[in-house]
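These notes concern the structure reproduced below.
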There are 2 protein chains.
Amino acid sequence: MRPTVHDIAAAAGVSLATVDRVLNLRPGVRAATREKVEQAIEQIGFVRDVAAANLAKSRVYPFIFILPSGDNSFMRGLETEIRAAIDRSVFERTQISIVTVPAFDGPALANALDQARLSHPAGVAVVAVDSPEVAAAVNRLRTDNIPVVTLVSDLAGSARDHFAGIDNAAAGRTAAGLMGRFLRGRPGPIAILAGSMLVRDHRERLEGFRSLIETEFPGRMILPVLEGHDDPVEAERLVGQALKSHPDIAGIYSLGAGNRGLIAALKAHQSGASVIAHELTPHTRKALKDGLIDAVLNQDAGHEVRSAIRVLKAKADGQAVLSAQERIRIDIFLKDNLPFDDAAPASEGDDI
Amino acid sequence: MRPTVHDIAAAAGVSLATVDRVLNLRPGVRAATREKVEQAIEQIGFVRDVAAANLAKSRVYPFIFILPSGDNSFMRGLETEIRAAIDRSVFERTQISIVTVPAFDGPALANALDQARLSHPAGVAVVAVDSPEVAAAVNRLRTDNIPVVTLVSDLAGSARDHFAGIDNAAAGRTAAGLMGRFLRGRPGPIAILAGSMLVRDHRERLEGFRSLIETEFPGRMILPVLEGHDDPVEAERLVGQALKSHPDIAGIYSLGAGNRGLIAALKAHQSGASVIAHELTPHTRKALKDGLIDAVLNQDAGHEVRSAIRVLKAKADGQAVLSAQERIRIDIFLKDNLPFDDAAPASEGDDI
DNA sequence: GAATTTCTGATGTACGTAAATCAGAAATTG
DNA sequence: CAATTTCTGATTTACGTACATCAGAAATTC
């Protein structure tokens, strides 16, 4: 049988009350006695029954999720997944609220983080914009001992507890490895469509892609990055221009959002380029099927949300996280291994 | 506040004891009263607090995992993950035992299942051999109301509750889609190395691969399947023979185990074929790095084990499973997106 | 050594559910 | 309608931990 607090008390020769004081870091225990109890805990290998503790505490976890507003399909899918988690909150003792802020807007995000701080949540998950003011706001939360998890896009130089997202450098390299192999024997440059260099995931993907092409497929030219700010209209214009001025483009890597515009431009120019994009949305799914896009790298929003919640809970309880379990995978979809067709895109699952 | 059993009692105008009888399907409640209680449960939206219930019941879940013996790297990695789960069993209220049986041996596996049945476990996870006697044994378990989850390889015509593994037909199609794109512009046939047609995962991968090549890349010849029984020595011999008699082989798809033999043969023949294999093991990892293998499709053993346990628990408690969460992804590894280098291969994580 | 202050023990209640007991009410049987 | 049998209610204990209260013991201070 698993040892209980009673066993500690017996082993240490103290009362239950003292054990409780030690376990919950309450004052009123002499150093020598505390030592004795801690030794007993060590010796009999006691581990607190979190379920029972949470029951006794009637613990609930108020969490705040902060993500960009706008009509970015991936972000709206992410929001759907958060709402799905809210539906489960009764079972999971969570109490999740969603806050949206304009995309790529550091000050607004920092402000939202400071706002969140005032309500003393048990944890915050945030799709980060990589700027110093955001890092500072995150650090203020950490100073208050509020766990922070970055979601989808990470944040440099901050004390965030965890990043719930894919390895974006690896994603860029994966795209490059696939692209290089797809283009074998076909000359022509590669165009890159990004959203904004203000978010770290885009920067990391770009860097991973570029470095791998340079080292593994030398001689393959990469055109200057098109920065479309995840806006379909802008993306369409930029890609259209590029296809017009470089009719020999062999490959296109779209590492951000705004793929609707990319797809429109591809259609308009009847480009034969091999295309790799990110995030499986209704639009990219259709383009895959139509043969306009060759491969889609996807991160599962549902998995990321669930992982963020698990990690926030663990951090709030001061528990260790099973890091292997929280690794978010990079899904690679080709036309032929798409998950079920009909369902709403947001319900396509993940993990765990 | 979430409603409790007391609220049901109050709402239905009955006592706690009666509510308990209804909730736990105990006898001694008149049909009319039972109805009344069930209506109250419905009305106030009561959901049992599983944590509290498990605490009260001092519930433990004795599970049995049955997997093939032998030195198959993937299966040994799977076993390592199960042992990791055993290390967590104190926290998870599980009590897991591992049983190994010879690979590809239906009768032995059926026997092991019947043996497992005698100990009345709360659930069984099994790497299935797809044969009628195994299906029958699984059905006997189900008759006893013991949940059964197939692991890695599924079982036709049985009443197993769940399959914790990848979509193997999709895996085969993914391999074919990649292979077709890798080989663009390069003539030559494709060789396929399989383990055994007695396991369903191999059959499904083969079928998926073959059908996609035929429809999407017509004209690409596929050589007769080499059945190497997941044995490195046999695989090396078969692949060596094939490379000798067909020096023009452009691609090789290894859909089972025994990749050590495949790699040895590739080295010996200095083949320039594009190679796609399954499962990231120390051997395939090294071959990827050395450029002998182009891509590895991987299923995360850790994720599969954790998923199997979650599902078995849910089934044992008569709870619904979050199917999106239990979808096992197909990881695609190229030389350039390998997860951390140094760690033991078995600790590379998953999920969840 | 008396008066404090600081520690420790004993005890009880709570969390939400499970499970058992026993008495009494209701329904059924003869 | 009395005698059973079958339900139902009331009550208690338990699971493992958290938390509060109060009395008494031990250490500290003067």
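Reminder, nothing fancy here: chain letters follow the sequence lines and each chain counts from 1.
Counting heavy atoms from C-beta on, the side chains of B:Asp167 and B:Arg327 never come closer than 4.5 Å.
Atom P of nucleotide C:dT17 and atom CZ of B:Arg26 are separated by 14 Å, given to the nearest angstrom. When the C1' atom of D:dG16 is taken as reference, atom CD1 of A:Ile41 falls 14 Å away, rounded to whole Å. With rounding to whole Å, B:Leu25 atom CG is found 14 Å from C:dA19 atom C1'. Spacing between atom CD of B:Glu35 and atom C1' of D:dC7 amounts to 17 Å, rounded to whole angstrom units. Straight-line distance from the CG atom of B:Leu55 to the C1' atom of D:dT17: 8 Å, rounded to whole Å. B:Asp20 has its CG atom 17 Å from the P atom of D:dT13, to the nearest Å. As rounded to whole Å, 17 Å separates atom P of C:dT17 from atom CZ of B:Arg59.
Within residues 42-54 of chain B, no residue places a heavy atom under 4.0 Å from DNA chain D.
Each of D:dG16, C:dT17, D:dC19 was ranked by its minimum atom distance to the side chain of A:Ala56; first place goes to D:dG16. When distances are taken from the side chain of B:Thr33 to each of D:dT8, D:dA18, C:dC15, the shortest belongs to D:dT8. In the set C:dA19, D:dG9, C:dT11, D:dG9 carries the atom at the smallest distance from any side-chain atom of B:Arg21. The side chain of B:Thr18 sits closest to D:dG9 out of D:dG9, C:dA18, C:dG16. Closest contact between the side chain of B:Ser15 and the listed nucleotides D:dG9, C:dC15, C:dG9 involves D:dG9. Closest to the B:Arg30 side chain, of the nucleotides D:dC19, C:dA26, D:dG16, is C:dA26.
Qualifying side-chain hydrogen bond (donor to acceptor under 3.5 Å, both in side chains) partners for B:Arg88, counting only residues two or more places apart in sequence or in other chains: B:Glu92. With sequence neighbours excluded, no residue forms a ring pair (Phe, Tyr, Trp, His ring centres under 6.0 Å) with B:Phe163.
Among the candidates A:Val124, A:Val126, A:Leu312, the single residue satisfying the side chain to side chain contact (heavy atoms under 4.5 Å, CB included) test with A:Val149 is A:Leu312.
At a threshold of 4.0 Å, the pair B:Arg26-B:Asp20 counts as salt-bridged, since one of the basic side-chain nitrogens sits closer than that to a carboxylate oxygen.
In this model, a donor atom of one side chain and an acceptor atom of the other lie less than 3.5 Å apart for A:Asn24 and A:Arg48.
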